[in-house]
Amino acid sequence: MAQVLKASEENLKIAAEVIRKGGLVAFPTETVYGLGGDAFNPDAVARIFEVKERPSFDPIIVHIADFDDIRRLCKKVDERAKILAERFWPGPLTIVLKKSENVPDIVTAGLDTVAVRMPSHPVARKLIGYSKTPIAAPSANLFGRLSPTTAEHVKEQLGDRIDIIIDAGRCEVGVESTVIDLTKEPTILRLGGTPVEEIEKVIGRVKILTRSDKPRSPGQLSKHYSPKTPLRIIRGNVAIGHGEKAGLLAFRRPDDDIAKRFEKIEVLSSSNDLNEALRQAAQNLFSALHRLDKANLDVIYAEQVPEIGLGKAIMDRLRKAEGVE
Ligand code: TXA
Ligand code: MG
């Protein structure tokens with residue numbers, strides 16, 4: 001079973017040593033927990049794929065602690081990348097650029113591009129710094145399943161497969177980074193913790209890849225981020241089947257007459273301010289889904305949230321959890 005370690009300096013140095021020796025460490029970022037290995041060690045990266053049961057065609061994000069590290073990973077860092085990095089790094093934005101030869105093919109699934117992100121979580125930054133190497137890290141969950149926002153979530157899914165989990169409490173943002181491809185017309189490959197509206201303020205209009213487009217990022221697979229319990233997004237009136245044990249993922253606290261139809265309810269937000277409510281909802285989303293998934297329900301009904309700011313990423317995750325085209 002994995003050792004769950006507090007994020008003390010001493011433990012981070014131990015974890016960094018594990019990374020340097022080609023081992024894997026699960027660690028917190030501001031978005032979700034990551035499963036990290038030395039990005040320049042193909043064997044370590046191969047183990048990440050194995051542990052996650054991740055298909056080899058799905059490339060992995062490389063995490064850096066200093067902007068200068070990007071030069072070890074990318075051929076050319078153009079002006080737009082610099083502008084985005086300046087504005088959003090460290091933080092929940094991943095930038096896809098042409099890769100340099102140094103980056104092992106296994107990291108990028110054979111693509112000639114690499115996804116780079118500088119996380120803002122101090123524990124992630126320290127771990128990368130002490131490891132003295134960029135860290136390749138997907139979310140620390142089994143492929144296709146719910147992402148982990150606590151060390152406990154990581155332990156449940158991967159505890160018997162990895163050595164160390166660094167525990168620094170729950171993740172602040174709660175949904176994964178926004179992934180933007182700058183190798184052509186700027187295109188959002190995955191909606192996430194940095195709202196598209198904010199990105200457009202600095203580089204102008206960007207394209208958002210939709211599901212009718214050919215997948216360019218496996219994060220776009222239609223079934224992903226899924227609980228084991230079937231999830232249905234509420235469209236119109238909720239009609240709950242006879243004898244069905246149903247859970248509700250509510251954006252705001254529901255009225256009593258709605259609430260009484262459900263066996264278990266998770267409320268994502270309490271604020272009256274919409275932006276704050278969406279921030280709360282993103283932060284609570286995966287934890288709430290993990291709890292509903294463990295409640296032995298027949299079905300989870302999910303309320304829609306307004307599709308602005310972080311609401312876009314939340315609805316993206318709910319649609320993928322539902323897995324219906
Ligand atoms: O917030 C996050 O991004 C978290 C934390 C740990 O940093 N990581 C994360 O990794 O969500 P993962 O592997 O679960 O998702 C990475 C996404 C996938 O959709 C993958 O297809 C895409 O990024 N991706 C990675 N490299 C790519 C590349 N070179 N081109 C296009 N998409 C890429
Ligand atoms: Mg993931």
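Index from 1, following the sequence. These figures come from a predicted structure and were not determined experimentally.
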Assess whether atom [atom1] of [X] is packed by more than 12 heavy atoms of other residues, nucleotides or ligands within 6.0 Å.
X      : atom1 : answer
Glu86  : CD    : no
Gln3   : CD    : no
Lys132 : NZ    : no
Asn102 : CG    : yes
Glu10  : CD    : no
Arg235 : CZ    : yes
Asp160 : CG    : yes

Quick one: does [X]'s side chain have a donor or acceptor within less than 3.5 Å of a partner on [Y]'s backbone?
X      : Y      : value
Lys52  : Ser139 : yes
Asp66  : Asp69  : no
His290 : Ser147 : yes
Glu263 : Ala246 : no
Ser131 : Gly129 : no
Arg117 : Gly91  : yes
Gln157 : Asn141 : no
Asp181 : Thr183 : yes
Asp38  : Arg20  : no
Gln280 : Ser271 : yes

Looking at [X] and [Y], what are the two nearest heavy atoms and their distance?
X      : Y      : answer
Gly247 : Leu292 : CA-CD2, 4.3 Å
Pro148 : Ala140 : CG-O, 3.4 Å
Gln283 : Glu172 : NE2-O, 2.8 Å
Thr149 : Ser287 : OG1-OG, 3.2 Å
Ala282 : Ile314 : N-CD1, 3.6 Å
Pro134 : Val62  : CB-CG1, 3.5 Å

Do [Y] and [X] meet the salt-bridge criterion of a basic N to acidic O distance under 4.0 Å?
X      : Y      : value
Arg47  : Asp43  : no
Lys294 : Glu156 : yes
Glu266 : Lys264 : yes
Glu53  : Arg161 : yes
Lys201 : Glu198 : yes

What do the steps show when you test Asp167 against Tyr33 for side chain to side chain contact (heavy atoms under 4.5 Å, CB included), and what is the final call?
CA-CA 9 Å; Asp167 183 357; Tyr33 275 71; 3.7 Å; yes
So if you build clusters from Ile, Leu, Val, Met, Phe, Trp, Tyr with side-chain heavy-atom gaps below 4.5 Å, do [X] and [Y] land together?
X      : Y      : value
Ile60  : Val103 : yes
Leu146 : Val173 : yes
Ile233 : Leu289 : yes
Val114 : Ile95  : yes
Phe49  : Val154 : yes

Side chain to side chain donor-acceptor pair (under 3.5 Å) between Asn11 and Ser8, worked out:
CA-CA 5 Å; Asn11 287 340; Ser8 66; 3.3 Å; yes
[atom1] of [X] to [atom2] of [Y]: how many Å apart, nearest 0.5 Å?
X      : Y      : atom1 : atom2 : result
Asp78  : Lys98  : CG    : NZ    : 11.5 Å
Glu303 : Phe251 : CD    : CZ    : 8.5 Å
Ser177 : Arg190 : OG    : CZ    : 4.5 Å
Arg252 : Ser269 : CZ    : OG    : 5.0 Å
Glu307 : Asp316 : CD    : CG    : 9.0 Å
Asn41  : Lys21  : CG    : NZ    : 13.0 Å

Taking the side chain as every heavy atom from C-beta outward, state whether [X] and [Y] have any pair of such atoms under 4.5 Å apart.
X      : Y      : result
Val32  : Val175 : no
Met315 : Gln304 : yes
Leu285 : Leu318 : yes

Checking Tyr130 against Glu17 for the side chain to side chain donor-acceptor pair (under 3.5 Å) test, could you report, in this order, the C-alpha distance in whole Å, the side-chain angles of both residues, the deciding distance, and whether it holds?
CA-CA 8 Å; Tyr130 291 149; Glu17 204 41 46; over 6 Å; no
Passes side chain to side chain donor-acceptor pair (under 3.5 Å), Glu244 versus Tyr301? Steps please.
CA-CA 12 Å; Glu244 194 178 51; Tyr301 288 95; 3.3 Å; yes
Can you list the steps and then say if Leu182 with Leu84 is a side chain to side chain contact (heavy atoms under 4.5 Å, CB included)?
CA-CA 10 Å; Leu182 292 184; Leu84 287 178; 4.0 Å; yes
Assess whether side chain to side chain contact (heavy atoms under 4.5 Å, CB included) is satisfied between Ile165 and Ile162, documenting all intermediate values.
CA-CA 8 Å; Ile165 301 170; Ile162 57 176; 3.8 Å; yes
Please name all residues satisfying salt bridge (charged side-chain N to carboxylate O under 4.0 Å, His left out) with Lys13, sequence neighbours left out, ordered by chain then number.
none
One pair to check against salt bridge (charged side-chain N to carboxylate O under 4.0 Å, His left out): Arg205 and Glu200. What are the steps and the verdict?
CA-CA 5 Å; Arg205 269 200 96 60; Glu200 291 191 326; 3.7 Å; yes
Take Leu97 and Ile70 through the test side chain to side chain contact (heavy atoms under 4.5 Å, CB included) and record every step on the way to the result.
CA-CA 10 Å; Leu97 295 165; Ile70 202 172; 3.9 Å; yes
